[in-house]
Amino acid sequence: MLIAIYYILNTIKWIIWVYSIVMVIDAIMSWVPMLRDSFVGRLIDRLVDPYVNLFRKGPIQTLTNSTGLDISFLIGLLVLYFIQDYVLGWIANILLRIFL
């Protein structure tokens, strides 16, 4: 059972890592319009935009409108890293206490 928990949590960490790399690629591609309009660019945009749009509401939208800086990508990336580094560790500790 412990090995299964270990593999599941490592798989989730790997998926978060890959998604964060895709987010960085999307941010880099946003600087070059030709890359963003390609098939791969639109595909990556479809993967990343629903998640990043969660953080484009409220005060961040006001900040973006007034300054022109969209920090929703950075906030989304920080949330992913927080989940990867802390939340999965907390879940692992809880599961280990339940099954030990």
Starting from [Y], can I reach [X] by hopping between I/L/V/M/F/W/Y residues whose side chains sit under 4.5 Å apart?
{"X": "Leu43", "Y": "Val40", "value": "no"}
{"X": "Leu78", "Y": "Val52", "value": "no"}
{"X": "Val18", "Y": "Val48", "value": "yes"}
{"X": "Leu80", "Y": "Phe82", "value": "yes"}

Out of curiosity, [X] [atom1] to [Y] [atom2], how far, rounded to the nearest 0.5 Å?
{"X": "Ile25", "Y": "Leu47", "atom1": "CD1", "atom2": "CG", "result": "11.0 Å"}
{"X": "Asn10", "Y": "Ile15", "atom1": "CG", "atom2": "CD1", "result": "11.0 Å"}
{"X": "Ile98", "Y": "Met1", "atom1": "CD1", "atom2": "CE", "result": "9.5 Å"}
{"X": "Ile8", "Y": "Leu95", "atom1": "CD1", "atom2": "CG", "result": "8.5 Å"}
{"X": "Ile21", "Y": "Leu77", "atom1": "CD1", "atom2": "CG", "result": "9.0 Å"}
{"X": "Leu96", "Y": "Ile91", "atom1": "CG", "atom2": "CD1", "result": "12.0 Å"}

Between [Y] and [X], is there a side-chain heavy-atom distance shorter than 4.5 Å?
{"X": "Ile5", "Y": "Leu9", "result": "yes"}
{"X": "Thr64", "Y": "Leu69", "result": "no"}
{"X": "Ile44", "Y": "Arg36", "result": "no"}
{"X": "Ile75", "Y": "Ile60", "result": "yes"}
{"X": "Asn65", "Y": "Gln61", "result": "yes"}

Query - Residue pair Met29 / Ser38: nearest heavy atoms and the distance that separates them - result: CE-OG, 4.5 Å

Query raised in the report: Taking all non-hydrogen atoms of both residues, which atom of Ala27 and which atom of Ser30 are closest, and how far apart?
Result: O-OG, 2.5 Å

Report summary line: Applied to residues 70-97, the salt bridge (charged side-chain N to carboxylate O under 4.0 Å, His left out) test, sequence neighbours excluded, yields Arg56-Asp70

**Report entry** Heavy-atom donor-acceptor pair, Asp26 side chain to Val22 backbone, under 3.5 Å
**Finding:** no

Query raised in the report: With no hydrogens and no angle check, is any side-chain donor or acceptor of Gln84 less than 3.5 Å from a backbone partner on Ile16?
Result: no

Query raised in the report: Do any pairs count as a ring-ring contact (aromatic ring centres under 6.0 Å, His included) and have a residue in residues 3-28, sequence neighbours left out, and if so which ones?
Result: Tyr19-Tyr51

Report task. Mind running salt bridge (Lys or Arg N to Asp or Glu O under 4.0 Å) on Arg42 and Asp37 for me, showing each step along the way? Result -> CA-CA 6 Å; Arg42 288 191 306 265; Asp37 294 335; over 6 Å; no

Query raised in the report: Crowded around Ile3 CD1? As in, over 12 foreign heavy atoms under 6.0 Å?
Result: no

Requested in this report: Take Phe73 and Val24, measure what side chain to side chain contact (heavy atoms under 4.5 Å, CB included) needs, and give me the verdict at the end.
Outcome: CA-CA 9 Å; Phe73 165 79; Val24 170; 4.2 Å; yes

